[in-house]
Amino acid sequence: MFAGAACLALALTGCAGEDSPDQARKTPTASTAPKPVPALSAAQARDVITRYSKINNEANADRSRRLLDTVEDGPLYAMSVSDYTETEGLPAADRKPYEPWSYDIASAKLYIPRLDAGQDRWFAAALSSQKGKAPSRLAVFAERPQHKRWEMVSVVDLNSQKLPDVVLDRDGYATAVAANDNKHLAADADLLRAAVLDNFATGGTNTGTKVFTPTKASKQQIEVHDKTGTRFGSQGTTVFAGTDNRYKDAYALKTSDGGALILFSHTHTQTDAVAHSGLQINPGKDDRAWLHDVPRTSITYTFVCNDAATVPAKAEPSRLIGYTCARTDASGPPIPSWSDRA
């Protein structure tokens, strides 16, 4: 079939023999190259979102990881499973009854990119879980060809109802751009990730406040560093650091200023430690699933987070417009007396 199609294409342009060297040297022009096509239609995207809401409710009601795995993947799946784990660590009396929810399809704002052949298919959507309310979240759905289904891979709570000005063509489709190594942007996903980690680790001293202009989201991260890092006073310390990040996928859409909306993920740790022997850290009830009410001399929490930023085309700071984190692990050595008892 492919050979026949190639001959047909040559016939339409005039197959050249040895007596037609000029025609033989012609190459396809930009106008004849295959044009990027939408990842899916708007109607299909709305069906994906509706399916997600339905199955997510079913999974959450029973904390079914198997069912959840059919509609979530990547960092979002890790975050949701950690929520299940945290709930299961609580006594039954402390577990809140599950309340079903759904995304409001009528208010959803779709950002469906045109993609080249062979590119992984995905789309983004601004969503609201309250009917009639303006979208307050940015979600990314990606196709998983091996499972023949679409799954939500990240979601970010926005700090403003003003949505990024993503460029849409006359048919309503967006333009995907490279999230990394893009020379047309002031920052790429890797630099944004490093800046976010610096906000937590140093309060933005090294790169955070250089890469980002102050926004509510970036200020919140710096505040977490400043307040959490000093809350123990002279009796303990808190240190934030980046750690192995399994979720390196990033997604970018062109914005009206020539820049891009970039959606990415990061992983960081928070290590709390006592200042000297004789002191202990008592885990809270939300830590029970991982730490089992055992006093510790130090505790390292792992957080998986989704982030969203708008990046200009020229050399100016980017804007962190939202981030969402979930604790996915906690561990640390028990106090000596407890270790001896064990």
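What's counted below: heavy atoms across the whole structure, side chains too, no hydrogens, waters or symmetry copies. Note that the structure is predicted; figures quoted are calculated from it, not measured.
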Between the side chains of [X] and [Y], does any donor sit under 3.5 Å from an acceptor?
X    : Y    : result
N306 : S154 : no
T255 : D257 : yes
E88  : T85  : no
N60  : Y84  : yes
T300 : S331 : no
S256 : D165 : yes

Residue pairs passing the ring-ring contact (aromatic ring centres under 6.0 Å, His included) test where at least one lies in [range], sequence neighbours excluded:
range            : value
residues 210-234 : none
residues 297-316 : H268-F303
residues 149-196 : F123-W150

Is there a side-chain contact between [X] and [Y], using heavy atoms and a 4.5 Å cut-off?
X    : Y    : value
L115 : V37  : no
Y247 : V304 : yes
T175 : R114 : no
V274 : H276 : no
N159 : T215 : no
I321 : L261 : yes

For residues 71-79, which side-chain donor-acceptor pairs fall under 3.5 Å, sequence neighbours excluded?
unit_1 : atom_1 : unit_2 : atom_2 : d
E72    : OE1    : S80    : OG     : 2.7
E72    : OE2    : Y52    : OH     : 2.5
E72    : OE2    : N56    : ND2    : 3.2
E72    : OE2    : S80    : OG     : 3.4
D73    : OD2    : R144   : NE     : 2.6
D73    : OD2    : R144   : NH2    : 3.2
Y77    : OH     : R65    : O      : 3.4

Only pairs under 3.5 Å count here: list side-chain donor-acceptor contacts from residues 126-134, not counting sequence neighbours, and write none if there are none.
unit_1 : atom_1 : unit_2 : atom_2 : d
S128   : OG     : Q130   : N      : 3.1
S128   : OG     : Q130   : O      : 2.9
S128   : OG     : K133   : O      : 3.4

According to salt bridge (Lys or Arg N to Asp or Glu O under 4.0 Å), who are the partners of [X], at least two apart in sequence or on a separate chain?
X    : result
K183 : none
D286 : none
D181 : none
R51  : none

Under 4.0 Å between a side-chain nitrogen and a carboxylate oxygen: does that hold for [X] and [Y]?
X    : Y    : value
R66  : D69  : no
K219 : E223 : no
D83  : R63  : no

Inset, instruction - Give every residue pair that meets the disulfide (SG to SG under 2.5 Å) criterion with at least one member in residues 58-109, sequence neighbours excluded. - result: none
Inset, instruction - Please assess Y111 against L138 for the test side-chain contact (heavy atoms from CB on, under 4.5 Å), listing each intermediate value before the final yes or no. - result: CA-CA 10 Å; Y111 305 114; L138 274 177; 4.0 Å; yes
Legend entry - Q220 CD: over 12 foreign heavy atoms closer than 6.0 Å: yes
Inset, instruction - Would you indicate whether N57, at its atom CG, is surrounded by more than 12 heavy atoms from other residues, nucleotides or ligands within a distance under 6.0 Å? - result: yes
Inset, instruction - Locate the shortest heavy-atom distance separating T209 from G204; write the atom from each residue and the value. - result: OG1-O, 2.8 Å
Inset, instruction - Write down the atom of P312, the atom of S318, and the distance for their closest heavy-atom approach. - result: CD-OG, 3.8 Å
Pairs under 3.5 angstrom only: tabulate donor-acceptor contacts from the side chains of residues 235-242 to other protein residues two or more places apart or in another chain.
unit_1 : atom_1 : unit_2 : atom_2 : d
T238   : OG1    : T228   : O      : 3.4
T238   : OG1    : R231   : NH1    : 3.0
T238   : OG1    : D272   : OD1    : 2.8

Inset, instruction - Report whether Y251 and L192 are members of the same hydrophobic cluster (ILVMFWY, side-chain heavy atoms less than 4.5 Å apart, transitive linking). - result: no
Legend entry - Exam field: side chain N182 to backbone A179, donor-acceptor pair closer than 3.5 Å: no
Inset, instruction - Could you please spell out the steps behind the side-chain contact (heavy atoms from CB on, under 4.5 Å) verdict for K109 and L168? - result: CA-CA 11 Å; K109 179 75 172 176; L168 301 179; 4.1 Å; yes
Inset, instruction - Go through the steps for R296 and L291 under the test side-chain contact (heavy atoms from CB on, under 4.5 Å), then give the verdict. - result: CA-CA 9 Å; R296 313 276 171 159; L291 301 174; 3.9 Å; yes
Legend entry - Contacts of R137 that satisfy side chain to side chain contact (heavy atoms under 4.5 Å, CB included) - sequence neighbours left out: Y103, V155, D157
